[in-house]
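Keep in mind that what you see is a predicted model, and the values were worked out from it rather than measured.
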Amino acid sequence: MLKFIAGPTLGYAGGFSLPGTIAITTTGMMSSVLLFTFLGKLLRERVLVRFFRNRKRFTKRNRRFVAIWRRYGLLGVAFLTPVILTPIGGTIVLTSFGSSKREIVISMLLSAVFWSTVISTIIYTLGPKVLPDFMS
């Protein structure tokens with residue numbers, strides 16, 4: 001759920017099949033996407049407000065999210081999420097900018113399937129050559 005690259009790497013190290021690793025990696029990303037898409041507003045209102053009452057709105061991090069959104073839009077953010085933003089970060093960006101829940105789920109699912117297939121295939125193909133010995 002937190003780091004996308006961990007799914008394919010640990011799936012390979014655990015001896016899972018390639019399709020199994022792709023499915024588990026996709027499911028892990030989508031579980032956090034669904035959680036933050038449907039409970040994000042509640043979490044923001046109930047949890048973040050209590051702990052971060054006087055937080056700054058125009059931080060370097062927030063400006064970076066705005067720049068990514070303006071440049072790439074919904075599909076670009078979804079595409080970049082697994083490799084750059086993490087599933088939680090990408091979902092928060094999409095939710096914050098008012099994307100519909102349906103668009104978020106569909107675009108993130110397509111991105112998760114694409115990236116889990118690409119990264120898992122690379123790891124399963126090059127595994128022994130690029131991973132440490134204890135993972136082979």
Undergrad: To the nearest 0.5 Å, what is the distance between CG on Leu94 and CZ on Phe36?
TA: 13.5 Å
Undergrad: Would you confirm whether Ser31, through its side chain, and Gly28, through its main-chain N or O, come within 3.5 Å as a donor-acceptor pair?
TA: yes
Undergrad: Side chains of Pro82 and Met29, heavy atoms from C-beta outward: is any pair under 4.5 Å?
TA: yes
Undergrad: Apply side-chain contact (heavy atoms from CB on, under 4.5 Å) to Ile119 and list each qualifying residue two or more places apart in sequence or on a separate chain.
TA: Phe4, Ile5, Pro8, Val83, Trp115, Ile123
Undergrad: Please confirm whether the backbone N or O of Ile104 pairs with a side-chain atom of Ser107, one donor and one acceptor, at under 3.5 Å?
TA: yes
Undergrad: Out of curiosity, Tyr72 OH to Leu80 CG, how far, rounded to the nearest 0.5 Å?
TA: 6.0 Å
Undergrad: side-chain contact (heavy atoms from CB on, under 4.5 Å) with Arg71: which residues, sequence neighbours excluded?
TA: none
Undergrad: Could you tell me which non-hydrogen atom of Thr27 sits nearest to which non-hydrogen atom of Ala23, and how far apart they are?
TA: OG1-O, 2.7 Å
Undergrad: Are Val118 and Tyr124 joined in one hydrophobic group, where the rule is that I, L, V, M, F, W and Y side chains link up if heavy atoms are under 4.5 Å apart?
TA: yes
Undergrad: In Å, rounded to the nearest 0.5 Å, how long is the span from OG of Ser100 to CG of Leu74?
TA: 7.5 Å
Undergrad: Counting N and O atoms only, with roles assigned by atom type, does the side chain of Ser99 sit under 3.5 Å from a partner on the main chain of Thr95, one being a donor and the other an acceptor?
TA: no
Undergrad: Same cluster or not: are Ile106 and Leu85 linked, directly or through other Ile, Leu, Val, Met, Phe, Trp or Tyr residues, by side-chain heavy atoms under 4.5 angstrom apart?
TA: no
Undergrad: Can you give me the closest heavy-atom contact between Thr21 and Ser120, atom names plus distance?
TA: CG2-OG, 3.6 Å
Undergrad: I need the Thr81 OG1 to Ile88 CD1 distance, nearest 0.5 Å.
TA: 11.5 Å
Undergrad: Can you tell me how far the CE atom of Met108 sits from the OG1 atom of Thr26, to the nearest 0.5 Å?
TA: 12.5 Å
Undergrad: Please round to the nearest 0.5 Å and tell me the distance separating atom CZ of Phe16 and atom CD1 of Ile22.
TA: 13.5 Å
Undergrad: Are Ile68 and Leu110 connected, step by step, through hydrophobic side chains (Ile, Leu, Val, Met, Phe, Trp, Tyr) whose heavy atoms are closer than 4.5 Å?
TA: no
Undergrad: Which residues satisfy the side-chain contact (heavy atoms from CB on, under 4.5 Å) test with Thr125, sequence neighbours excluded?
TA: Thr121
Undergrad: Could you pull out the closest heavy-atom pair between Val33 and Pro87, with the gap in Å?
TA: CG2-O, 4.5 Å
